[in-house]
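Quick notes on the structure that follows.
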Amino acid sequence: MLIFHTIPELQIYLQSAGKKGLKTGFVPTMGALHKGHLSLIQQSKAYTDISVCSIFVNPTQFNDPNDFSKYPITLSADIEKLLGIGTDVLFLPSVAEIYPAGTANLPHYELGFLETVLEGQYRPGHFQGVYQVMKRLLQIVEADDLFMGQKDYQQCMVIQQLLQQENISTKLHIAPTLREEDGLAMSSRNMRLNPQQRITAVYIYRALLQMKQQLQPGNLNNIKEAATALLTNNGFTVDYTELAHATTLEPLTQWNGTDPVVALIAAYLGEVRLIDNMVLTH
Ligand code: AMP
């Protein structure tokens, strides 16, 4: 595996691969890698010739400074895991490499409705940071294909919008969420849960399953309230339990029985904020 810290080194390598007609796949991450991340790299390896993983804990997407300072960093274990699955390239840029003019005066991007709901509403500025870093990374890597996880459902929609708005021809592939045996979605933040919280965390998955079981045409408020109660009764502080239109993310209060529906949850266990989602209709 080649490890590059600077943009010119990475680009010289990728441009020469491109000239040979090789296709590049890109998997951006913030490290603390788990099997969910590795599944994206495996998908990239199956689909393209050169798979580039980036590890960059992007300071501009953390609206909560405490979350940023406590974000897990496990670089040597990450490198072992990437080697183990045959990753071709690891891009490990510094903050100065990504933001040479600093982070104070970055442009503001128009995200419209997506920035006003759910993660956009509860994490002000988060998607601006995601957009800033992903625009930069996509322009650096110039990948043919981009692999991201459905675990971050709304983020995938923001990136799809970015690709269109910025006229970037990279194709986004959305991979299913990998879960622990009990159903908890794999996440770097799970490392921050204590043993008791780790057991309790499965209630997020149970709340999603409960919403799926209870979904029927008509008013949806009782279903959302029951999911919130399940979480609250088990010690969570809930940001939202939402049922939304799966392609627009418009929150739904009524279901007509035909619109595609996604259930989305964000909730805290202690200081750790967890998110998960499930598409309820197919
Ligand atoms: P992160 O390091 O959290 O920024 O995540 C990097 C990529 O991995 C994003 O595209 C995430 O959606 C994806 N990802 C995170 N958790 C999972 C999971 N449990 N299963 C599949 N993909 C995931």
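Both ligands and their constituent atoms are indexed starting at 1 by order of listing. Position 1 is the first residue of the sequence; numbering continues from there. What you see below is based on every heavy atom in this structure, not just the backbone, and it leaves out hydrogens, waters and symmetry mates.
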Going by salt bridge (charged side-chain N to carboxylate O under 4.0 Å, His left out), name the residues that satisfy it together with Arg189, two or more places apart in sequence or in a different chain.
Asp67
Restricting to pairs with a member in residues 224-245, which pass salt bridge (charged side-chain N to carboxylate O under 4.0 Å, His left out), not counting sequence neighbours?
Lys224-Glu242, Asp239-Arg273
Under the salt bridge (charged side-chain N to carboxylate O under 4.0 Å, His left out) rule, what pairs show up with a residue in residues 136-161, not counting sequence neighbours?
Lys23-Asp145
Are the side chains of Tyr240 and Thr228 in touch, meaning some heavy atoms are under 4.5 Å apart?
no
For Phe4 and Tyr13, take the angle between the two ring planes, folded into 0 to 90°, and tell me which bin it lands in: parallel under 30, tilted 30 to 60, perpendicular over 60.
tilted
Neighbouring protein residues of ligand 1 - any heavy atom closer than 4.0 Å:
Pro28, Thr29, Met30, His34, Gly36, His37, Leu40, Tyr71, Met148, Gly149, Lys151, Asp152, Pro176, Thr177, Leu178, Met186
Looking only at heavy atoms, which two atoms of Leu220 and Trp255 are closest? And how far apart?
CD2-CB, 3.8 Å
